[in-house]
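Here the structure is laid out as structure tokens; the discussion comes afterwards.
Chain letters run A, B, ... following the sequence lines, proteins first, then strands; residues in each count from 1.
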Protein chains: 2
Amino acid sequence: MTSAYTALEKRFRRLSLLGEAVGMLQWDMSVMMPPASAGARSEQIAALKLLSHELMTDPVVSEHLDQAEETNGLNDWQIANLRRMRRRWLHTVAVPPDLIEATTHAATASETVWRTARPENDFPAILPHLQKLLSLVREVAVAKSEAFGLPVYEAMMDLYEPDATTAMVDDLFDDYTKFLPGFLEKVLHRQKTHPDPKLPKGPFPVHQQEKLCRRLAETVGFDFKCGRLDTTFHPFSGGVPEDSRITTRYDEDDFTSAIMGVMHETGHAMYERGRPKAWRYQPVGETPGLGMHESQSLIVEMQASRSRPFVTWAAPVMRSAFSGEGEAWSAENLYRWTTRVTRGLIRVEADEVTYPAHVILRYRLERAMIKGDLAPADLPGAWNEGMRALLNVVPPDNQNGCLQDIHWYDGAWGYFPTYTLGAMAAAQLFASAKEADP
Amino acid sequence: MTSAYTALEKRFRRLSLLGEAVGMLQWDMSVMMPPASAGARSEQIAALKLLSHELMTDPVVSEHLDQAEETNGLNDWQIANLRRMRRRWLHTVAVPPDLIEATTHAATASETVWRTARPENDFPAILPHLQKLLSLVREVAVAKSEAFGLPVYEAMMDLYEPDATTAMVDDLFDDYTKFLPGFLEKVLHRQKTHPDPKLPKGPFPVHQQEKLCRRLAETVGFDFKCGRLDTTFHPFSGGVPEDSRITTRYDEDDFTSAIMGVMHETGHAMYERGRPKAWRYQPVGETPGLGMHESQSLIVEMQASRSRPFVTWAAPVMRSAFSGEGEAWSAENLYRWTTRVTRGLIRVEADEVTYPAHVILRYRLERAMIKGDLAPADLPGAWNEGMRALLNVVPPDNQNGCLQDIHWYDGAWGYFPTYTLGAMAAAQLFASAKEADP
């Protein structure tokens, strides 16, 4: 008797399609929609999300989950799918609707203020919003913690990285913290034995960059017959497996930033495209966590596209794309440029070696804030102290410090660890692949 | 006690937002989506449409409609809104779900065959599909006819032009049929007293055409701060009042076709944008019928943009857009070119004088087919005979005859009259406006 389970599959299929429709409306909002039309679009998205919420919180779902879990005769795939359904359901019902609404409003207000506070380096302006949002986010986490029977921070991480524990993350991050200083010294020392790499001199016209990005994305496997590349200020990967929508932005002085962005989003898109077709529209067919998703973008961007064989192949392609001349276009120089390591201040510009330090800092600070051990007012000081300890650099201001990332100001707490979990998985997968097929 | 009515407003607001989301997915499908991704998109659209259908056919809607209609104390606006709700609901529940599904499938199959049958001039290939679709469309119309208490053809028209009667349409069309031959002779005779107008010689590069189209659309009132102009093979106007999405196509040999297309869609978009904000998301705030909608596109395209004052202003703008030289760019020549009248074969290329004849032909033929007085197999002969009688021209083949329009092959029966109802309303509104403010 699997009818409860079958009803659940049907409902989750519908929820998945509703989610895809919302995703498409959001893609359009970021890529195509005139900004002045945002109000009307929000109404559409809110209506679809409310429908989803009602479909998920319908009392029959709870009954079906209970019945299905007591059913004998489900196969392993169905059991795994059912487990994911239960978890999704729990994430939705664990939090009272008015708390969700209050958090959403606080996040929107906070994000709006952050968008001007960051360029204006104005931490005091965002502080009250951060305090309010943190307290709501903590309430949400406490509610989920009770529903899941998990520690508060793990209940937050669970939304992004199911089953991740702080014990596991601490192990990895503490290990890296010990490893980094000596290794970084060694890397920087060795870098000095070579001439400094040079970025070829621009300007690099956008249409030439775009053509090159398309060629490179296609080379590693992006299929433009069922995908698009567009331009946005914040690059992302959206769409569905059959219709990949990736974006990038172009810097006329540095073509490598658009290329690496496109390679990153191409990795995300190819992973989505590779999801099993027979598992489509069911929770178990989706990514097990953002760390795994990120590993697939980083395996393309950080492992493959910065490998010596790739850069050796790509250097003349890049040179001819811009009719470049001179030593800066040599494979050797471009390889050194794209793999150079620096003690930087900004996470999104960080190299493979120092990136985890940026993440570890955020992970420790957000845990402390959630626990109440660190007050938001003390964040700038703690940030700068952490940067000094981890990378031996101190930001000159908060714009280059604790104001740089949107996550905390947008309500995405517990998200940061997935970046480094993904980077580690990517490095391990790539190393294994090379070992298996040198 | 207005709670039943209030519940209906809430539900129809939600239905309206779901419809907007579907519209956006369709816009993207026509304008942005790679064609290979159509399968995934259809699933998304089908899921949203099924949700809409369930929201409308929920038994509580019927109860609320009954209760609201017995409520005293509704104001005129609410009563009008309620009337529209009842009609929408009737259109949905009048037809059994399996008949809707069969009709949708037959229409999709027929349209697919039509897409190759038209260019290949292959009426026999489409005939069985037309027969099948006609019989299903008639079944739908009979079901609606019973639900509405209307004659069968009026029940079909009601979807596009509520409250239109065949008596009213016959009056107008018979009158025009009598008026046309003499008037057309007079117009053609008078045209001959002037030199033939000439289209300036191209090619006209697409990017220059697009820039010009944007300028002209803005001049008559299109607001690009909350709207877009894109390129599609079949031009249309989509989006929502706060986010107009119009499209056109460009002919490198004839820039006037893109311009007039853009002016037409601009009229549609401005009408939508002008809908009362306080009536947003409610049925009574939407257009009362497609004839009225079309009148607003035609008042811009046919009345304003082809007026002598407009062309006099626009001629030098057009000339400078393409750095044109010579007499063909004079306002006098361009005015004669854009207002020239011909006995043509193709509806979408027809001028203001002969356009109604194309519509009258289709109206009479589709009524005869619905009634059973004309068999689809006899359509080509009846078409050619009708063209001879109305415009004194006979198509050399079915591609230029009964295969030219998508409507019948796509299931849109009862739609054609709205074009001419709109054209007549546009002419009357423009004449009144000129009279009121010469």
Q: For residues Ser37(B) and Arg245(A), determine if any side-chain heavy atom of one lies less than 4.5 Å from a side-chain heavy atom of the other.
A: no
Q) Are more than 12 heavy atoms from other residues, nucleotides or ligands located less than 6.0 Å from atom CZ of Arg275(B)? A) yes
Q: Check whether any side-chain heavy atom of Met32(A) lies under 4.5 Å from a side-chain heavy atom of Val31(B), and answer yes or no.
A: no
Q: Report the distance from atom CD of Glu20(A) to atom CG of Leu25(B), rounding to the nearest 0.5 Å.
A: 10.0 Å
Q: Measure the shortest side-chain to side-chain distance between Arg41(B) and Met24(A) over non-hydrogen atoms and say whether it is less than 4.5 angstrom.
A: yes
Q: Look up atom CD1 in Ile45(B) and atom CG in Leu17(A), then write down how far apart they are to the nearest 0.5 Å.
A: 11.0 Å
**Q.** Salt-bridge criterion met for Glu43(A) and Arg13(B) (N-O under 4.0 Å)
**A.** yes
Q: Could you tell me which residues in residues 223-238 of chain B have at least one non-hydrogen atom under 4.5 Å from a non-hydrogen atom of chain A, sorted by residue number?
A: Phe224(B), Lys225(B), Cys226(B), Gly227(B), Arg228(B)
**Q.** Salt bridge present between Arg14(A) and Glu54(B) (N-O < 4.0 angstrom)
**A.** yes
Q) Got more than 12 heavy atoms from elsewhere within 6.0 Å of CD, Glu101(B)? A) no
